[in-house]
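Here's the structure, in structure tokens; my notes come after.
Here the structure is a predicted model, which is why all the values come from computation and not from measurement. In what follows, residues are counted from 1 in the order of the sequence shown.
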Amino acid sequence: MNILSRQGKQGRTPYPVKVVQFGDGNFMRAFADWQIHIMNTELDWNAGVAVLQNRAGGRSAEQLHEQNGLFTVCVEGYRDGQTVREYTLVESVVQGMNPYKNYEAYAELAVQPELRFVLSNTTEAGIVYAEEDRLEDQPQSTFPGKLTALLYRRYQVFNGDPAKGLIIIPCELIERNGETLRDIVLRHAAKWELEEPFSRWLREHNLFCSSLVDRIVSGYPQERAAEMEAELGYQDPFLTVAEPYHLWVIEGPDWLRAEFPAHQAGLNVIITDDLSSYRIRKVRILNGAHTALTPVAYLNDLNTVEEAVNHELSGAFVEALIREEIIPALDIRAQELHQYADSVLERFRNPYLRHQLLSIALNSWSKFDARLKPSLLSFVQQQERLPDRMVFSLASLIVMYKGSRGSERINLSDDPAILELFQQEWEQYDGTREAADRLVSRILADARVCGGELGTVAGLSERVADHVHEIAELGMSQALAHFLDTSDRLIAAQEGED
């Protein structure tokens with residue numbers, strides 16, 4: 001069977017580069033690049049995407065380029081109560097490159113006259129300021145550093161032409177992602193002592209849009225790839241599976257609808273002057289549930305979201321966490337939130353996605369910081385007690401970062417400093433309750449873990465240490481069953497008192 005390539009396509013000239021995309025993962029390909037392909041097809045938008053690999057290691061963007069940018073998205077699941085499986089051969093990507101290996105080709109993107117948009121998904125840990133980044137680096141270590149250098153080159157080449165400013169839409173799940181990115185870029189410009197007219201050009205002629213993305217993308221269907229490729233008639237190592245649902249909320253001015261006319265192609269893209277209500281609902285409930293569920297279910301020998309939500313113990317755990325801890329901590333109408341929770345749990349149960357828990361576990365601590373810490377702190381403030389299930393999930397995450405599931409090694413992927421911290425702390429753990437106290441108190445107080453803020457929450461360290469000790473001693477299955485039994489009896493007693 002042949003590998004997918006552009007051979008046999010109509011010989012059409014590739015689209016001009018209109019979009020530079022930082023991040024080459026499954027999500028952006030099945031979300032942003034898929035939508036751009038539809039806009040090209042339905043609206044003749046004529047936009048090519050240059051996809052940049054975000055990490056120095058690996059070759060995924062280069063391999064995508066070797067495949068001529070082509071890849072397949074399988075949309076599979078339920079739509080209007082009906083099962084759907086739809087394949088789309090996405091042709092919007094025209095370049096794939098690793099700026100760590102081919103910096104000159106990356107720098108040339110800045111001079112593309114048709115370039116108008118920058119998209120990114122570098123995980124929650126990606127939009128950060130690094131003091132060590134320098135303009136002369138090739139490339140800078142962080143996404144904001146790379147973007148600042150790219151914008152400065154564009155400014156220089158086009159002599160500060162206002163019409164050559166860009167529309168930057170980050171997709172990382174952090175609050176006010178557009179504003180945060182803009183402020184870091186301006187900070188780099190100041191630190192690098194770049195001329196003031198450049199900073200003015202940044203502020204006045206470039207639009208940094210906060211945005212919210214929502215689609216579950218499970219990635220390459222390892223177990224069903226042969227079946228799908230037989231249907232397609234070609235091999236595609238970049239084949240990825242996504243649910244039918246998609247939502248992109250972009251905060252920007254009315255004129256942006258004309259520049260990015262996704263709604264005209266029937267896509268669920270909303271351009272609004274305030275995305276806060278969309279964001280808080282999605283990040284706290286859907287993403288928060290994903291992050292809370294992952295260590296609990298994975299340590300219980302489950303591997304996918306569907307298995308986890310359909311499991312008697314972890315399914316009950318995550319539903320109660322959403323309805324009894326996350327929703328009560330939100331200042332949004334409860335009925336609306338419970339309806340959204342119903343749809344989220346239905347999406348989690350999509351049997352076609354095979355959404356791997358380990359893929360959700362990438363950079364778990366920055367995800368906990370963005371997705372669960374706000375709910376935990378709000379719950380404590382409003383209810384004047386600790387949210388039991390969030391506490392148990394926090395403990396489970398600490399145990400997961402020991403790096404093993406029974407005799408199996410867990411392939412953790414996170415900031416090297418985070419991984420080093422947990423390795424050092426777990427090496428000192430001797431199995432006693434006192435050692436659990438020391439381990440948890442040091443981890444929660446460390447600034448690398450959620451800014452150290454969790455260490456200041458009254459009673460949290462002790463409660464987490466209780467669970468860490470029990471999970472480490474009994475294993476997740478027994479510890480979770482005991483936790484749920486204890487929680488049920490506590491709730492029943494509280495209801496009896498009422």
Hey, are the side chains of Glu195 and Tyr152 touching, using non-hydrogen atoms and a 4.5 Å cut-off? yes
Glu91-Asn40 side chain donor-acceptor pair, cut-off 3.5 Å: no
Can you tell me if CD on Gln428 sees more than 12 non-hydrogen neighbours from other groups inside 6.0 Å? yes
Does Arg55, at its CZ atom, have more than 12 non-hydrogen atoms belonging to other residues, nucleotides or ligands within less than 6.0 Å? no
Asp33-Ser92 side chain donor-acceptor pair, cut-off 3.5 Å: no
To the nearest 0.5 Å, atom CG of Asn287 lies from atom CD1 of Ile216 at 9.0 Å
With the threshold set at 4.0 Å, does a side-chain nitrogen-carboxylate oxygen contact exist between Arg347 and Asp214? yes
Distance-only polar pair, side chains of Tyr245 and Ser343, donor-acceptor under 3.5 Å: no
Rounded to the nearest 0.5 angstrom, the CZ-CD1 distance for Arg116 and Ile168 is 9.5 Å
Any chance the rings of His188 and Tyr129 have centres within less than 6.0 Å? yes
Mark yes or no: Arg215 above the aromatic ring of Phe31, with NZ or CZ under 6.0 Å from the six-membered ring centre and no more than 45 degrees from the axis. no
Can you label the angle between the Phe260 ring and the Trp45 ring as parallel, tilted or perpendicular, going by 30° and 60°? perpendicular
Please identify each residue that fulfils side-chain hydrogen bond (donor to acceptor under 3.5 Å, both in side chains) with Arg153, with sequence neighbours left out. Glu108
Nearest 0.5 Å, what's the CG-CH2 distance between Asp137 and Trp192? 7.5 Å
Have Glu172 and Thr122 got a donor and an acceptor in their side chains that come within less than 3.5 Å? yes
Taking NZ, NE, NH1 and NH2 as the nitrogens, is one of them in Glu175 or Arg284 under 4.0 Å from a carboxylate oxygen of the other? no
So, Phe422 versus Tyr401, ring centres under 6.0 angstrom or not? yes
Angle class for the Trp34/His246 ring planes (parallel below 30°, perpendicular above 60°, tilted otherwise)? perpendicular
Distance-only polar pair, side chains of Gln356 and Tyr298, donor-acceptor under 3.5 Å: no
Got a sec: does the NZ of Lys402 have more than 12 other heavy atoms crowding it under 6.0 Å? no
Would you say Gln423 and Glu427 are linked by a side-chain donor-acceptor pair, where the criterion is simply a distance under 3.5 Å? yes
Do other residues, nucleotides or ligands put more than 12 heavy atoms under 6.0 Å from Glu408 CD? yes
